[in-house]
Amino acid sequence: MDKNRELTKEEILKKADTAIGKNFEYYNYSGQHNKGGFGQIIEEELFEYKANSDSGPDFSNANIELKVTPYKENKNGTFSSKERLVLNIINYMKEHNKDFYTSSFWNKNQHLLILFYKYVSGLKKKDFVITHKLLYDYPEEDFEIIKQDWHIIINKIRAGLAHEISEADTLYLAACTKGVNSRSMRKQPFSSILAKQRAYSFKQSYMTQLVRQLLSSKQELEPILTSEELRTNTFEEAINSKLTPYFGKSEAELCSIFNLETKAKSKYALLISRMLKINNNLSHSKEFIMANITPKTIRVEENGKIKEHMSFPAFNYKKIVSTSWIKSNLRNLFETTKFMFIVFQKKDGEYYFEKIKFWNMPLSVLDNQVKETWLRTKEIISSGDIVKSVSAKGIRRTNFPGSRYNHVCHVRPHAINSSDTYKLPVADKKTNANEYTKHCFWLDKDYILEIIG
DNA sequence: GCATGATCATGC
DNA sequence: GCATGATCATGC
């Protein structure tokens, strides 16, 4: 049976083609299998070999690794990958003394055959249909970034920081947690601290772009950097060196250099786009979309302080009370988003472009202070204890954790006005309101200041 | 003066 | 119409 793992590339692709348009019931899916079951079913029922946990690729002769993964259609008609694509588990004790080309990652995943099926909410699993196949070979400029990502992960292991690895450390190739639960802890070579078991993975944002290229005829995204630029510099170095000529210039100077007359606040991101010589907005560039990088402008005042805290999307009260911290939107946001802080410093009444800083939230802060704020918020909502007092003018004071709560993260309104609301799961005790002004989590300005140093 | 609540502006 | 980035207004 396992001789089928010796198939040639052409034979494999031909067999894969026969799966297009078929659902999992066709392959005797009984609903008994676990989550990874679809991959296993395709291995056993379509390619007729026994699922294995070899360190080499599934098809050893053709050097192809088989993957089966879902995508979904969004309300606005676009498509997204439903998940990150999980590859092989990282053995911290072994991987650290490899180089990229001898790594377990490269040994197993040089060529991927990805079968995409369409996930539809409410549909039974057996009815999901395989709609597309992709023989994935690393595009040149992606490959340079993926090699850099691999080194970032490995360098963290070498520094004895495997327990601090986060998905947002890297751009396309990430180390995501994998295991039955968070208690699946593993040894690491240069620290006695146990680290969560992690696997190499392609980020969901990266997979989404693969799905879109495959399913729609839309133009490719506009890249900022070429593979040549990435060969001699890291991503961050390359971006920095493109911006360096403009450090120290005032907002007015930059606007005149780039012929920009807008007064809109978005002009900062627009200015950066011009400096990087791209036509689209920075946040729509290929690298920023695929790596899930969010640009944020920070203006430091003459006294060295920041005026405003940093806001995030408003949260849904009902959703928060029915979610655990581990599965919360907030944790997911900080675990998977890298930020590019664009820093302007005020001097003599004008803002000067000072520097940029790439940052993602350390897990130690995420699972301590941010978690603390989130849990407290959840508790307040579920107990109906939001409003503390109402002033004569009708201004409501709340019990939500404010900016003095823990110096990292707090809760404040984020709405068009006070009547811009979301429904409450439990009516507020003091006001009997069953909906409340939209609120969101904010990062404290002093914490931001600390980050940008 | 700063924390906190409320609101504005813009773009998709 | 709403999400998002950003700023204003009130009052302790």
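So that the names make sense, note that chain A is the first sequence line, chain B the second, and so on, each numbered from 1. Atoms considered below: every heavy atom in the structure, side chains included; atoms not considered: hydrogens, waters and symmetry mates.
Base contact: A:P413 has a heavy atom under 4.0 Å from a base atom. Residue-level contact check: A:A415 touches the bases, meaning some heavy atom is under 4.0 Å from a base atom.
Rounding to whole angstrom units, OH of residue A:Y268 and P of C:dA6 are separated by 9 Å. One atom, CD1 of A:I416, and another, P of C:dG5, lie 13 Å apart when rounded to the nearest Å. Summarising the geometry, the separation between NZ on A:K393 and C1' on B:dT7 is reported as 15 Å, rounded to the nearest angstrom. Between the CG atom of A:N329 and the P atom of C:dT4 there is a distance of 11 Å, rounded to whole Å. The distance from atom CG of A:N303 to atom P of B:dG1 is 11 Å, rounded to the nearest whole Å. To the nearest angstrom, P of C:dA3 lies 14 Å from CZ of A:F315. Between the P atom of B:dG1 and the NZ atom of A:K307 lies a distance of 13 Å, rounded to the nearest Å. In this entry the distance linking NE2 of A:H309 with C1' of C:dT4 reads 18 Å, nearest Å.
The salt bridge (charged side-chain N to carboxylate O under 4.0 Å, His left out) contacts involving residues 365-382 of chain A comprise A:R331-A:D367, A:R376-A:E379, where partners must be two or more places apart or lie in separate chains. Applying the salt bridge (charged side-chain N to carboxylate O under 4.0 Å, His left out) test to residues at least two apart or on different chains, the pairs with a partner in residues 410-432 of chain A are A:D420-A:K438. Among pairs with a residue in residues 237-252 of chain A, those fulfilling salt bridge (charged side-chain N to carboxylate O under 4.0 Å, His left out) read A:E229-A:K242, A:E251-A:K267, at least two apart in sequence or across chains.
DNA chain C is contacted by both A:S391 and A:S311; A:S311 maps to the nucleotide lying nearer its 5′ end (nearest heavy atom per residue).
Take A:E95 and apply the side chain to side chain donor-acceptor pair (under 3.5 Å) test, not counting sequence neighbours, and it matches A:S104, A:Y200. For A:F258, the ring-ring contact (aromatic ring centres under 6.0 Å, His included) criterion is met by A:Y246, not counting sequence neighbours. Contacts of A:F315 classified as ring-ring contact (aromatic ring centres under 6.0 Å, His included), with partners at least two apart in sequence or in another chain: A:Y317, A:F441. Every residue meeting the ring-ring contact (aromatic ring centres under 6.0 Å, His included) condition with A:Y71, not counting sequence neighbours, appears here in chain and number order: A:F79.
Across A:K338 and A:E236, no two heavy atoms sit closer than the pair NZ-OE2, 4.1 Å. The minimum heavy-atom distance between A:I165 and A:L363, with the atom names listed, is O-CD1, 3.2 Å. Between A:R231 and A:E144, the shortest heavy-atom distance links the atoms NE-OE2, 3.4 Å. In plain terms, the two heavy atoms of A:L230 and A:E141 that are nearest each other are CD1-O, 3.8 Å.
For the contact set between residues 337-353 of chain A and DNA chain B, defined by any heavy atom under 4.0 Å, there are no members. Of all the residues in residues 271-291 of chain A, not one reaches under 4.0 Å from DNA chain B with any non-hydrogen atom. Near DNA chain B, defined here as any heavy-atom distance below 4.0 Å, there are no residues from residues 419-453 of chain A. Taken residue by residue, residues 399-412 of chain A places heavy atoms nearer than 4.0 Å to DNA chain B at A:G402, A:S403, A:R404, A:R412.
The aromatic ring centres of A:Y268 and A:F344 sit less than 6.0 Å apart. In summary, the aromatic rings of A:Y138 and A:Y136 are positioned with their centroids under 6.0 Å apart. The ring of A:F353 has its center closer than 6.0 angstrom to the ring center of A:F247. Checked against the 6.0 Å centroid criterion, the rings of A:Y172 and A:F143 do not qualify as a close aromatic pair. Remark: aromatic rings of A:F358 and A:F339 are distant, center separation not under 6.0 Å.
Taking the ring centre of A:F341 as origin, the terminal cationic atom of A:K296 falls outside the region bounded by 6.0 Å and 45° from the ring axis.
Of the side-chain N and O atoms in A:K305, one or more sit less than 4.0 angstrom from OP1 or OP2 of B:dC2. Here A:T297 does not reach the OP1 or OP2 of C:dG5: none of its side-chain N or O atoms lies under 4.0 Å away. The phosphate of B:dA3 (OP1 or OP2) has no side-chain N or O of A:R397 nearer than 4.0 angstrom.
Each end of the helix from B:dG1-C:dC12 to B:dC12-C:dG1 gets its own axis from five base pairs, and the two axes differ in direction by 20°, given to 10 degrees.
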